[in-house]
*Asks:* 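Please see the structure below; I have some questions.
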Amino acid sequence: MMTYLVALLAAATGVAGVVHGEADDSPGLQLLGVALVVAAIAFAVRRARRGRQRHDGPGPGRLTP
């Protein structure tokens, strides 16, 4: 649960960077903001997928220990 909170805070920081970059007419800050939002979303999705794989059991072709 804490992982998703960190991802949410990173996404919010990225959105704030985009907004402030737009107000200041700074394309570099906007790019960093967008990159931060995309990375936070990718991190949250990756974490969610890994969590499901651990609890679903072995997949096809995997041996159980």
*Asks:* Starting from V18, walk the hydrophobic network (Ile, Leu, Val, Met, Phe, Trp, Tyr; side-chain heavy atoms closer than 4.5 Å) and list everyone else you reach, by chain and number.
*Replies:* V34, V38

*Asks:* Got a second to check how far Q30's CD is from D24's CG, nearest 0.5 Å?
*Replies:* 9.5 Å

*Asks:* Side-chain heavy atoms under 4.5 angstrom apart, residues restricted to Ile, Leu, Val, Met, Phe, Trp, Tyr: same cluster for L8 and V19?
*Replies:* no

*Asks:* What is the minimum heavy-atom distance between A10 and A40, and which atoms define it?
*Replies:* CB-CB, 3.9 Å

*Asks:* Identify the heavy atoms of A7 and F43 that sit nearest to each other, and give their distance.
*Replies:* CB-CD2, 4.2 Å

*Asks:* Mind checking the CZ-CZ spacing from R47 to R50? Nearest 0.5 Å is all I need.
*Replies:* 8.5 Å

*Asks:* Please round to the nearest 0.5 Å and tell me the distance separating atom CG of L36 and atom CG of L9.
*Replies:* 10.5 Å

*Asks:* Give, for atom CG of L32 and atom OG1 of T13, the distance between the pair rounded to the nearest 0.5 Å.
*Replies:* 12.5 Å

